[in-house]
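Written below as structure tokens is the structure these notes are about.
Counting starts at 1 for both ligands and their atoms, in listed order.
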Amino acid sequence: MSDLFVLSEEHQAIREAVRAVAEAKIAPFAADVDENARWPHEAAAALLAADFHAPHVPEAYGGAGADALATVLVIEEIARVDVSASLIPAVNKLGSLPLMIAGDEQLKKNYLSRLAHGEGFSYCLSEPEAGSDAANQKTRAVRSGDDWILNGVKRWISNAGESEFYTVLAVTDPDKRTKGISAFVVEKSDEGVSFGAPERKLGIKGSPTREVYLDNVRIPGDRIIGPEGTGFATAMKTLDHTRVTIAAQAVGVAQGALDYALGYVQERKQFGHKIADFQGLQFMLADMGMKIEAARQLTYAAAGRSERGDKDLTFFGAAAKAFASDTAMQVTTDAVQLLGGYGFTRDYPVERMMRDAKITQIYEGTNQVQRVVMARQLLAGVQSTL
Ligand SMILES: Cc1cc2nc3c(=O)[nH]c(=O)nc-3n(C[C@H](O)[C@H](O)[C@H](O)COP(=O)(O)OP(=O)(O)OC[C@H]3O[C@@H](n4cnc5c(N)ncnc54)[C@H](O)[C@@H]3O)c2cc1C
């Protein structure tokens with residue numbers, strides 16, 4: 001039998017293993033996590049026990065050594081039952097990838113092995129005045145002998161307070177614009193690090209989003225990630241890869257909503273028929289399934305490019321993220337519609353999925369920014385590697 005365009009047996013086994021953990025140990029708590037806007041500690045424990053909390057960490061540092069596609073499958077399957085919990089592996093990859101891309105061996109050894117053992121890693125790029133315009137950084141890092149001293153405010157930091165480690169972008173030379181920005185590892189326990197109150201959000205309520213305050217935080221000189229002035233380039237390269245994981249979240253939540261709706265329409269009766277018999281609803285289901293599958297294929301194709309570091313990853317990462325997240329928003333909204341009034345209540349999971357889906361269109365660059373990225377790649381003549 002041909003294995004053209006099918007997942008390998010290894011990848012299929014990973015999907016099955018994650019799905020089992022997600023359904024048994026994460027799904028039962030998803031509504032409560034959302035309702036009480038609390039940390040999904042059951043999910044965190046289950047993911048750590050199964051080595052799915054940061055699957056991308058290489059085996060050399062004690063991690064599971066999952067490739068980019070396997071990591072996508074982990075995140076997709078968790079998001080299918082609870083998007084908040086899927087931020088655990090997604091944020092751990094986002095926070096630590098700068099280190100994997102540009103960090104020296106000693107730094108990788110120290111922090112990646114601790115991440116593999118369960119200490120979380122967040123990513124601090126955004127600031128109050130630096131959102132889409134990420135280069136407009138105000139956080140400063142100044143040399144003091146062999147050390148660096150950091151001052152500033154980072155905004156919208158996922159899993160802040162829960163994570164032990166933070167990749168922080170800071171200006172080291174204000175005259176050099178993006179080439180004057182460097183990346184550092186900051187620890188939660190470093191003196192001068194503190195956190196704002198959790199944001200009160202529409203969705204992903206189980207993932208705390210907080211400001212991170214850096215008040216004269218002194219860190220050793222060897223905590224810089226890569227050479228001075230390379231932080232912004234590393235941060236952008238990181239997003240090329242991790243946008244694929246946001247696409248995975250989007251595919252997962254869309255699939256979760258479709259799965260729930262498929263069950264519901266075959267149970268609910270109106271006018272003496274199952275509502276699944278109405279062709280108007282069948283067409284909605286068909287569109288939902290078709291769009292999810294297109295988003296999934298694009299996401300897996302992007303994951304392959306991430307693994308190989310192909311030159312068209314920038315286009316594919318942006319395309320997968322934008323397409324899958326737009327799909328997730330449409331599909332989850334349609335799932336609410338398929339449940340009628342019941343879909344609008346918290347007694348059913350689809351309204352949570354619709355609220356959770358929204359963030360995938362916003363973070364790691366809004367979908368407007370993804371289109372800017374894609375257009376630049378097209379105009380620069382970057383061709384598909386296939
Ligand atoms: C829940 C949550 C978690 C997050 N987690 C993290 C994290 O862990 N780490 C981190 O660093 N950041 C994080 N972010 C920040 C996120 O990446 C930013 O919110 C996002 O990049 C948008 O920036 P902004 O909110 O300042 O919006 P703005 O940049 O102010 O954008 C406002 C609007 O203007 C549009 N716009 C802006 N520029 C352009 C343009 N050139 N062309 C067309 N339209 C444009 C945008 O698309 C948007 O519609 C998180 C945000 C949220 C809400």
Next item on the list: Taking the six-membered ring for Trp and the full ring for Phe, Tyr or His, determine whether the centres of Y166 and F195 are under 6.0 Å apart.
Entry: yes

Item checked: Side chains of E187 and Y111, donor plus acceptor under 3.5 Å -> yes

Notebook entry, point to check: Protein heavy-atom contact under 4.0 Å for atom 34 (O) of ligand 1?
Noted result: no

Item checked: NZ/NE/NH1/NH2 to OD/OE distance under 4.0 Å, R19 and E16 -> no

Note to self: Please tell me if atom 30 (O) of ligand 1 is touched by the protein, where touching means a protein heavy-atom distance below 4.0 Å.
What the structure shows: no

Check: Within a reach of under 6.0 Å around CG of D133, are more than 12 heavy atoms found that belong to other residues, nucleotides or ligands?
Finding: yes

Check: Where does the angle between the aromatic ring planes of Y342 and Y264 fall among parallel (under 30°), tilted (30 to 60°) and perpendicular (over 60°)?
Finding: tilted

Checklist line | ligand 1 atoms in contact with K201 (distance to a heavy atom under 4.0 Å) | finding: 1 (C)

Checklist line | Identity and distance of the protein heavy atom lying nearest atom 42 (N) of ligand 1 | finding: V372 CG2, 4.2 Å

Margin query: Just to confirm my output: which protein heavy-atom neighbour is closest to atom 7 (C) of ligand 1, and how far is it?
Written below: W156 O, 3.1 Å

Check: Which atoms of ligand 1 sit under 4.0 Å from any heavy atom of L125?
Finding: 11 (O)

Next item on the list: Please state which part of N367 comes within less than 4.0 Å of ligand 1, counting heavy atoms only: side chain, backbone, both or neither.
Entry: neither

Next item on the list: Kindly determine whether R243 and E364 satisfy salt bridge (Lys or Arg N to Asp or Glu O under 4.0 Å), including the steps that lead there.
Entry: CA-CA 7 Å; R243 282 172 180 151; E364 296 209 19; 5.4 Å; no

Next item on the list: Give the residue and atom name of whichever protein heavy atom lies nearest to atom 20 (C) of ligand 1, and the separation in Å to one decimal.
Entry: I362 O, 3.8 Å

Notebook entry, point to check: ligand 1 and Y363, any nitrogen or oxygen pair closer than 3.5 angstrom?
Noted result: no

Next item on the list: Give a yes or no on whether the backbone of G365 and the side-chain of K321 come within a donor-acceptor separation of less than 3.5 Å.
Entry: yes

Note to self: Could you tell me if the side chain of W148 sits less than 4.5 Å from the side chain of T172, heavy atoms only?
What the structure shows: yes

Next item on the list: Name the closest protein heavy atom to atom 12 (N) of ligand 1, giving the residue it belongs to and the distance to 0.1 Å.
Entry: S126 OG, 2.7 Å

Next item on the list: Measure across R355 and D34 and return the closest heavy-atom pair with its distance rounded to 0.1 Å.
Entry: NH2-OD2, 2.7 Å

Checklist line | Distance-only N or O hit between ligand 1 and Y123, under 3.5 Å | finding: yes

Next item on the list: Find out if a path of hydrophobic residues (ILVMFWY) with successive side-chain heavy-atom gaps under 4.5 Å connects V382 to M236.
Entry: no

Item checked: L99 vs F121 side-chain heavy atoms within contact, under 4.5 Å -> yes

Next item on the list: Could you find the nearest protein heavy atom to atom 37 (C) of ligand 1 and give me its residue, atom name and distance?
Entry: S132 OG, 3.4 Å

Next item on the list: Kindly state if atom 39 (C) of ligand 1 has a protein heavy atom within a strict 4.0 Å cut-off, that is, under 4.0 Å?
Entry: no

Check: To the nearest 0.1 Å, how far is atom 46 (C) of ligand 1 from its closest protein heavy atom, and which atom is that?
Finding: T366 OG1, 3.6 Å

Margin query: Looking at ligand 1, would V369 count as a contact under a 4.0 Å heavy-atom criterion?
Written below: no

Check: Do I26 and E42 come within less than 4.5 Å of each other through their side chains, counting heavy atoms only?
Finding: no

Note to self: For atom 17 (O) of ligand 1, what is the closest protein heavy atom, and at what distance to 0.1 Å?
What the structure shows: E364 N, 3.5 Å

Notebook entry, point to check: Is the shortest N/O to N/O distance between I157 and ligand 1 below 3.5 Å?
Noted result: no

Item checked: Backbone or side-chain N or O of T209 under 3.5 Å from ligand 1 N or O -> no

Next item on the list: Please indicate, with yes or no, if any protein heavy atom is found under 4.0 Å from atom 52 (C) of ligand 1?
Entry: yes

Item checked: Nearest-neighbour protein heavy atom for atom 8 (O) of ligand 1, which is reported as residue plus atom name and distance -> S158 N, 2.9 Å

Next item on the list: Return a yes/no value for Q368: is any of its N or O atoms, backbone included, closer than 3.5 angstrom to an N or O of ligand 1?
Entry: yes

Next item on the list: Run the salt-bridge test on K188 and E119 with the 4.0 Å N-O cut-off and return the result as yes or no.
Entry: no

